[in-house]
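Everything below concerns the one structure shown next.
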Amino acid sequence: MKWIITKEQEGIFIRDYLREVRGLSRRLIKAIKFNGGSLLVNGELSTVRRKLIEGDELEVILPPEERGSYMKPEKLPLDIVYEDDDVLVINKPSGVATIPSFNHVSGTIANRILGYYDEHKLDYTVHIVTRLDRDTSGLMLVAKHRYSHSILSNDQKQGLVNRRYYAIIEGKLGNKNGVVDLPIARETDSIIKRRVHDDGQRAITRYEVEKEIGETTLLDIKLETGRTHQIRVHFSHLGHPLIGDDLYGGDMTVMKRQALHCRLLSFIQPTTKERINLSSELPEDMKQYFMQKSSSL
């Protein structure tokens with residue numbers, strides 16, 4: 001990465017330029033200093049304490065990427081809907097875990113991304129920005145390298161990474177649009193399950209009713225916060241669990257996974273600062289659910 005210093009930026013320390021102008025995290029700057037990265041000004045090695053002057057060319061060489069020993073590349077299908085030098089956006093199918101775990105050591109999105117990188121001779125590891133549960137489908141944002149991950153993670157904290165979801169819930173809501181503002185905490189006897197609890201972190205979910213068929217409702221949902229299982233927990237707490245969500249009491253007779261799909265993703269491209277807007281249509285199993293409900297009425 002290279003930048004030319006402008007007159008307005010003259011006199012700023014490299015450390016402050018990287019943090020305040022380019023958005024690098026303290027952690028990434030520390031990694032550049034101590035883990036094999038380099039800072040060059042006009043082709044000469046420098047430290048973060050150097051003051052920049054107008055016309056300087058500042059180059060940042062990131063440390064080599066290290067892949068965890070449990071991260072194995074696999075050449076498996078990967079639905080890429082957007083790609084540039086900094087990011088990937090994946091249209092994730094349901095039933096596929098995002099990263100390897102004890103129960104899902106292979107076949108994950110991470111394994112597939114590494115296989116894709118190796119195939120295209122890209123020396124990166126996996127940096128997930130917007131993770132999805134195994135049985136949730138839809139758009140997922142991935143940073144290709146540490147710099148874009150640092151920028152996008154910071155953007156996400158500031159609410160600049162926006163996602164909208166389709167969800168099918170049991171029953172009908174009294175209000176056709178509204179806001180669920182209820183704190184979410186870990187269930188006391190589970191490492192996976194969450195619940196609404198006063199001691200939890202604030203969680204805000206906005207919704208609009210898209211369609212009602214029988215005693216089920218298709219919702220368009222926007223997250224203001226990104227708590228684990230947020231949509232699933234909120235609507236289960238309201239007495240309207242997601243269809244197919246066995247963890248939170250959803251009906252499993254037709255769908256065998258929670259009816260939740262990330263349909264819209266909007267983010268600011270880390271380098272160009274252009275806003276990227278992407279969409280994904282309702283997946284086939286959720287379409288089929290409504291077709292079956294319609295035919296039974």
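In this text, all values refer to a predicted model and were calculated from it rather than measured experimentally.
- The 12-atom threshold is exceeded at NZ of Lys273, counting heavy atoms of other residues, nucleotides or ligands nearer than 6.0 Å.
- The ring-ring contact (aromatic ring centres under 6.0 Å, His included) check on Tyr82 picks up nothing, with sequence neighbours excluded.
- Looking at Glu65 and Arg67, no side-chain N of the basic residue comes within less than 4.0 Å of a carboxylate O on the acidic one, giving no salt bridge.
- Taking hydrophobic clusters as Ile, Leu, Val, Met, Phe, Trp and Tyr residues chained together by side-chain heavy-atom distances below 4.5 Å, Met140 shares a cluster with Ile80.
- Under 3.5 Å, the side chains of Arg257 and Ser137 contain a donor-acceptor pair of N or O atoms.
- The shortest heavy-atom contact between Val105 and Asn111 is O-OD1, 3.7 Å.
- Residues forming a salt bridge (Lys or Arg N to Asp or Glu O under 4.0 Å) with Lys176 (at least two apart in sequence, or on another chain): Glu212.
- In this structure, Lys256 places its NZ atom where more than 12 heavy-atom neighbours from other residues, nucleotides or ligands lie under 6.0 Å away.
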Report, one line per pair, each donor and acceptor closer than 3.5 Å where one atom sits in a side chain of residues 194-201; sequence neighbours left out.
unit_1: Arg194; atom_1: NH1; unit_2: Ile191; atom_2: O; d: 3.3
unit_1: Arg194; atom_1: NH1; unit_2: Ile192; atom_2: O; d: 2.9
unit_1: His197; atom_1: ND1; unit_2: Asp199; atom_2: N; d: 3.0

Discussion item. With side chain to side chain donor-acceptor pair (under 3.5 Å) as the criterion, how do Tyr207 and His234 come out once you've worked through the C-alpha distance, each side chain's angles and the decisive distance to 0.1 Å?
Written reply: CA-CA 11 Å; Tyr207 71 87; His234 271 169; over 6 Å; no
Worksheet item: Between Thr136 and Gln258, does a side chain to side chain donor-acceptor pair (under 3.5 Å) hold up when you go through it step by step?
Response: CA-CA 7 Å; Thr136 300; Gln258 66 258 12; 3.1 Å; yes
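- Of all non-hydrogen atoms in Glu20 and Ile12, the two that sit nearest each other are OE1-CD1, 4.2 Å.
- Summarising the local packing, NZ of Lys30 is surrounded by 12 or fewer heavy atoms from other residues, nucleotides or ligands at distances under 6.0 Å.
- Gln230 and Thr205 are linked by a side-chain donor-acceptor pair at a separation below 3.5 angstrom, with hydrogens and angles left out of the test.
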